[in-house]
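One structure is given here, and the rest of the page talks about it.
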Amino acid sequence: MLRKVALLLVLLTPANLHGETGYNMWLQYAALDDASARRYRDVAPAVVTSFGDAPTIESARQELILGIRGMLGRTLRIESRLPAEAAIVIGTLAELRRAAPQLALAASLEPDGYWPKTVRLNANGYTIITAENDRGVLYGAFALLRKIALGESIADLDQKQTPYAPIRWVNEWDNLDGTIERGYGGRSIFWNNGRVREDLTRVRDYGRLLASLGINGCSINNVNANPLLLSSDMIPQVARIADTFRPWGVRVALAIDFGSPQSVGKLNTYDPLDPAVIAWWKSKADEIYRAVPDFAGFVLKADSEGRVGPSTYNRTHADAANAVARALKPHGGVIFYRGFVYDHHMDWQNLKNDRARAAYDNFHPLDGQFDDNVVIQIKNGPIDFQVREPASPLFGALEKTNQAIELQVTQEYTGQARHLVFLPPMWKETLDLDMRVRDSSTPVKALISGRTFRRPAGGFVGVVNIGLDENWFGNHLSQANLYGFGRLAWDPDLSARQIAEEWTRLSFGDDPKVVETIAGMQISSWRTYENYTGPLGLQTLTDIVGNHYGVAVEASERNGWGQWHRADERGVGMDRTAATGTGFLGQYRPAVGRMYESIATCPDDLILFVHHVPYTHLLHSGKSVIQYIYDSHYEGAEAVSKYVRDWKPLRGRIDDKRYEDVLAQLQYQAGQAVVWRDAVSAWFLRASGIPDAKGRVGHYAGRMEAEAANLTGYVVTTVTPRETASGGKAVECKAARCAAAFRYDGDPGWSEIVVQYFDVNNGAARFRVFIGNQLVDEWTAADRVPSRILDGGSSARRVISGIVLRKGDEIRIEGMPDGGETAALDYVEIHAAGN
Ligand code: GCW
């Protein structure tokens, strides 16, 4: 009873009065305004009739009731026969032909495709949603609701929809203990303490969100796979997840460890050609399929980053993939074999070594040797989800092998959900690139979907890594990346702008000012982030051996990981040409290779990825490389502070909760962008010795270093890497309380005080700011950051505005350490306030 009352309350309270938590992502089903609701009410039937009893059909029916209730304020009545009045009618083609032959539905559809069709019969209008399979019917239901939410007509429907590729999967890098590798939205929704969670509500709701995008498979554990996953007591647990996803048409897959026959099966080998190993994989697959009859398959990371693989026995990747594939084959399963295989102990001093070559070198020679239910899963670029990379040449090099593109929805190298970065524009560039495998156009999207070489399988895999956070990602705006991934996997011909606008309208409503602002920010955000983190193909200049978050320009150099940019005092960039470099460019088809090989035709955006040039090299734009590096960093940081200004007028136009959350995130990002700007430009100034033509780098108006302040208790410390602190130094408090006093020497007037401090994640230090004896601000440094040391990732900013300062004023900052956090300060900067 209580539950019923609660449900009623939920249904009766207008959603927009509440702070929206973001839980429903783009499935808001917010009430339409009166005028639009009236338009639909005039045509929308009062009845939904469904044929077939598959759980996906039931989901479709429930979703239609829920969505129409939310948007139009009407509850559809359920009928089990074709009624003598207008109705929404759902079911597969086979079911509808059998149960309602009078509708005369003649069509042939692809699996998962759907057909919304208006049929008028005996003066009744039927809105039919039909498909070849149940899953397609569910997709059609979501599509109808999306049309209503976007204000599109549903009066005369007749457009058959076909997914671009059969494979539209997500991967989750969840560990069995509940942590997530490179997840930024909280702990796992699937696992906790080595087991599948008892409460799978979040899994059900995630399945629904995936289904709304047409995603049909999900692997539920880290590709750095725990072998225990294949132990017999795990399989019934995995079956519970499969049962939970099934009503949403999402099939479960598992990432496996190649050593499992030995570690789990207790064999003395995991040699893929050993008959006992082959038999073990077969019996393991049989066991899984007994518990999960629609099990989708395996994902395998082998011989990469310390994972075991066929190389132990001098076997090939094809031997490995096929051994597992043959166990899955009788059940209709597939194996995704990851193309992300490379040597991370490469000699950095050998200028011919190149990690970018690895995927092609490993897999191209094996083309034709993989079974038909093997899919090579290839990251979009040849390195590793950097802020910009060219398309992997392997896409153009497999003709007799299935492939899928792996895109990273979770923002590992792109701001970890603390920075706004909308990735579809980046993915589009790769998907649309013509790889020139034939004279006619052969873009990456056609190759990976299997269209070019008529492969039986192919498509899209997104690494998503959502978590238990209320909004799944840790950042409301990051949800757009999952939306964009799903939409592109269904139809890669959609434009990034269209995706951004759709997502904004579905998530935040139709107010044109809101749509223009948010979609505009989303669309420009990748370029903005690139501008301050790694332009011209430098790749993300982050701590590549640590958390991949904060700035650390040299972290990529002088180690075996191979993410080298080779910047030194003479020049910058990695020579990957066929003529003088690593030969990487020779892996592309000639027309593409030539385009990058010649400096004259290589796009500026990738120049340093493939060429080593002096800092004075002039880009196509006429600007020198070094000046571009300076300028882009200033432009990027300025663009983020503009996002903050653009966001503020949205107050009251969207719900308060998301307004405040996003504002705080953008303000944080604006501070981080300045850290990146200053660190990267200072590093390149030191390396190149060439000053910024605009005089900004190294000269910071109004900045007072903490190490030069009048210190009580604080001690000066050197920060590593040095570019992540202004002047390479900061001050730390090793006592209970310390103070740093700064004398203001500028013009009197209204001012903004910027306090650059450090916020590490092993303590919550307190700060208090005084002007003279007056306390003007205080805060606790307890933000969610990935760093425990003073570096680019922990550098943080507090802006105190609306303060009038007079010449000679003392600004005193008190710091009170906590735990491992030393209330460290970098600098104070005073800006005259604008109006
Ligand atoms: O991007 C790198 C990540 C690793 C990841 C690996 C991979 C799961 O830093 O955390 O491991 O790629 O894709 O296998």
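Just so you know, ligand 1 is whichever comes first in the structure, and atom 1 is the first atom listed for that ligand. Keep in mind that the numbers below use all heavy atoms, side chains included, and drop hydrogens, waters and symmetry copies. Remember, it's a predicted structure, so these values are computed and weren't measured experimentally.
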Cation-pi check, R487 to W490: give yes when NZ or CZ is under 6.0 Å from the six-membered ring centre and within 45° of the ring axis, no otherwise.
-> no
State whether the shortest distance between N or O atoms of W173 and N or O atoms of ligand 1 falls below 3.5 angstrom.
-> no
For D384, counting its heavy atoms only, list the atoms of ligand 1 lying under 4.0 Å from any of them.
-> 1 (O), 2 (C), 12 (O)
So the atoms of ligand 1 within less than 4.0 Å of a heavy atom of N222 turn out to be 8 (C)
How about E181 and N224: does a side-chain donor come under 3.5 Å of a side-chain acceptor?
-> yes
Between R355 and D384, is there a side-chain N and carboxylate O pair less than 4.0 Å apart?
-> yes
Distance filter under 4.0 Å to H548 heavy atoms, resulting ligand 1 atoms = 9 (O)
Which of the ligand 1 atoms, numbered from 1, are nearer than 4.0 Å to a heavy atom of K379 | 1 (O), 2 (C), 6 (C), 7 (C), 12 (O), 13 (O)
Determine, step by step, whether Q411 and Q416 satisfy the side chain to side chain donor-acceptor pair (under 3.5 Å) criterion, reporting the C-alpha distance in whole Å, the side-chain angles of both residues, the deciding distance to 0.1 Å, and the verdict.
-> CA-CA 5 Å; Q411 296 168 250; Q416 307 200 349; over 6 Å; no
Compare all side-chain heavy atoms of M574 with those of H565 and state whether any distance is below 4.5 angstrom.
-> no
Can you sort out which atoms of ligand 1 are near V223, meaning under 4.0 Å from one of its heavy atoms?
-> 8 (C), 14 (O)
Residue, atom and distance of the protein heavy atom nearest atom 8 (C) of ligand 1 read N224 ND2, 3.3 Å
D233 and S231: side chain donor to acceptor below 3.5 Å | yes
Under 4.0 Å from a heavy atom of F340: give me the atoms of ligand 1 that qualify, with their elements.
-> 6 (C), 7 (C), 12 (O), 13 (O), 14 (O)
Just going by heavy-atom distances, which of R338, E305, E181, R307 is nearest to atom 6 (C) of ligand 1?
-> E305
Run through R784, R202, R187 and flag the one making a salt bridge (charged side-chain N to carboxylate O under 4.0 Å, His left out) with D469.
-> R784
Would you kindly specify which portion of V463 sits under 4.0 Å from ligand 1, judged on non-hydrogen atoms: side chain, backbone, both or neither?
-> neither
Heteroatom distance test (Y413, ligand 1): nitrogen or oxygen, under 3.5 angstrom | no
Between R388 and F609, is NZ or CZ placed under 6.0 angstrom from the six-membered ring centre and within 45° of the ring axis?
-> no
Note: ligand 1 atoms sitting under 4.0 Å from heavy atoms of R182 are 3 (C), 4 (C), 9 (O), 10 (O)
Closest protein heavy atom (residue, atom, distance) for atom 3 (C) of ligand 1 = E412 OE2, 3.2 Å
Does the ring centre of Y483 sit less than 6.0 Å away from the ring centre of F485?
-> no
